[in-house]
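Okay, structure first, notes after.
Convention: sequence-line order gives letters A, B, ...; per-chain numbering from 1.
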2 protein chains.
Amino acid sequence: MNIIKKYTPQKIIDISTRLFAEKGFAAVSVREISMDADSNVSAVSYYFGGKSGLYKAVLEEQFLPLIEAMVYIKENEQLLPEERLSFYAENVSKIHSQRPYLSKFMISESLKPTPYGKEIIEKHLSQVYNFLAKSLQDGIQSGVFRDDLDITYTAVALASILNFYFVAKPLLKNVKILENPQDEDYTQNAFRIYLQGIKIDKSMNEGM
Amino acid sequence: MNIIKKYTPQKIIDISTRLFAEKGFAAVSVREISMDADSNVSAVSYYFGGKSGLYKAVLEEQFLPLIEAMVYIKENEQLLPEERLSFYAENVSKIHSQRPYLSKFMISESLKPTPYGKEIIEKHLSQVYNFLAKSLQDGIQSGVFRDDLDITYTAVALASILNFYFVAKPLLKNVKILENPQDEDYTQNAFRIYLQGIKIDKSMNEGM
DNA sequence: GTCTATATTGCGATAGAC
DNA sequence: GTCTATCGCAATATAGAC
């Protein structure tokens, strides 16, 4: 018995997470997964009931932080509009750092939804959108944010500026546009631009 | 002879563009393409030398506007920094309207590059990045843009805010966040936020 | 729980009739 | 230029040995 050795099912999940993220569901074979996991072709059916069952198990693990994020979001509805948006920005960055492959599964499920992924993503998306739209609405009503903004487009713009970076990061590293990317620095830089962009241009100096 | 009928190869390209965009290269079979194009399995090999040759032909057609955009970019280096960024924003919107599947191929090629797509995208990306970075740099030096911005992250933020919307649009329509999306309106709303976000907070009123 | 061997299906590609 | 028939291969899934 090898104490260090991972249990086969967890090893299969870890290996297939990378393969599914990098090549897509259809392009990965269970043979490939088995070999990379030092197992055999029948293991995937034995533990997960087939290739589709394995994919579902992978998605379940990947989407956990999204499900948790919905809870946090509900707990933060009493903050100021600006603080709520800032809280969202920090969370996006944290979640992507926790799960480096998550952005690939989210994009992949957006382009070609599978039943399980579709359900999670759509529920998550609706909750996040409602949170952002309400925060923007409150900020406009309290005179902090510009009143000439389209709320839907402005909410989408925040999600865009925060998420797209994590999708594009591997490509930007490849072409040397990003050499040593610091996720928190990007998020902070992007959120500062966005926040100044939606605030009313008051003409008073601000402390920072 | 049927005058209205499309030539078979063009019909195959049109059908397979949609299929490749929606399902990905590996998940589409030449049998499926042939049937949807009212042709037969041997047509793909006959006209394009196989499935890979067909995919390359599809990418070539999809990426044409990107190649053209590089020419326009070079012609607009004499404009003011702000005008150059605005020119870029309009072009992104135009290109995606021309080619509704383009964003899917760009994302797909970013996640899982194929040799042909990789070459085009990387070249395009480098040119666009250099254009944006130079425009931002010029704007900072001439005192129009804030000097506390990281140029790389700020350039990525503009590309993010303008492009991600087109990637997410189908999903946002599905969950009824976008009901009747107007691409030009989104682009204008997003670019105004971004521009105010990177400009120096002068405390003088601006005409608009 | 893990393996080998195998059944079955569907793939891309092509030869050859028309 | 378009079709059918078929070859060879690789896929998933499973039966059954250990």
When the distance from [atom1] of [X] to [atom2] of [N] is rounded to whole Å, what number comes out?
| X | N | atom1 | atom2 | result |
| --- | --- | --- | --- | --- |
| A:Asp38 | C:dC3 | CG | C1' | 14 Å |
| A:Met35 | D:dA10 | CE | C1' | 14 Å |
| A:Glu32 | D:dC9 | CD | P | 20 Å |
| B:Lys51 | C:dT14 | NZ | C1' | 17 Å |
| A:Phe48 | D:dA13 | CZ | P | 13 Å |
| B:Leu54 | C:dA13 | CG | P | 10 Å |
| B:Tyr55 | C:dG12 | OH | P | 15 Å |
| B:Asn40 | D:dT4 | CG | P | 7 Å |

* NA contact type, B:Ser29, heavy-atom cut-off 4.0 Å: base, sugar-phosphate, or nothing? -> sugar-phosphate
* Check every strand shown and say whether A:Ser39 touches a base, only sugar-phosphate, or nothing at a heavy-atom separation below 4.0 Å. =>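 Answer is sugar-phosphate: A:Ser39 comes under 4.0 Å of backbone atoms only.
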* **Base of C:dG12 paired with side chain of B:Arg31 (donor-acceptor, under 3.5 Å)** =>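 Answer is yes: a donor-acceptor pair is held.
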* Check whether the side chains of B:Tyr165 and B:Asp183 place a donor and an acceptor atom closer than 3.5 Å, and report yes or no. =>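 Yes, because at least one side-chain N or O of B:Tyr165 sits under 3.5 Å from a partner of the opposite role on B:Asp183.
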Does [X] pair with [Y] as a salt bridge, N-O distance under 4.0 Å?
| X | Y | value |
| --- | --- | --- |
| A:Lys199 | A:Glu82 | yes |
| A:Glu32 | A:Lys23 | yes |
| A:Arg18 | A:Asp14 | no |

* To do: Among C:dG12, D:dT4, C:dT4, find the nucleotide with the atom closest to the side chain of A:Ser42.
  =>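 That would be C:dT4.
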* **Among C:dG12, D:dA13, D:dG1, the one nearest A:Val41 by side-chain distance** => D:dA13
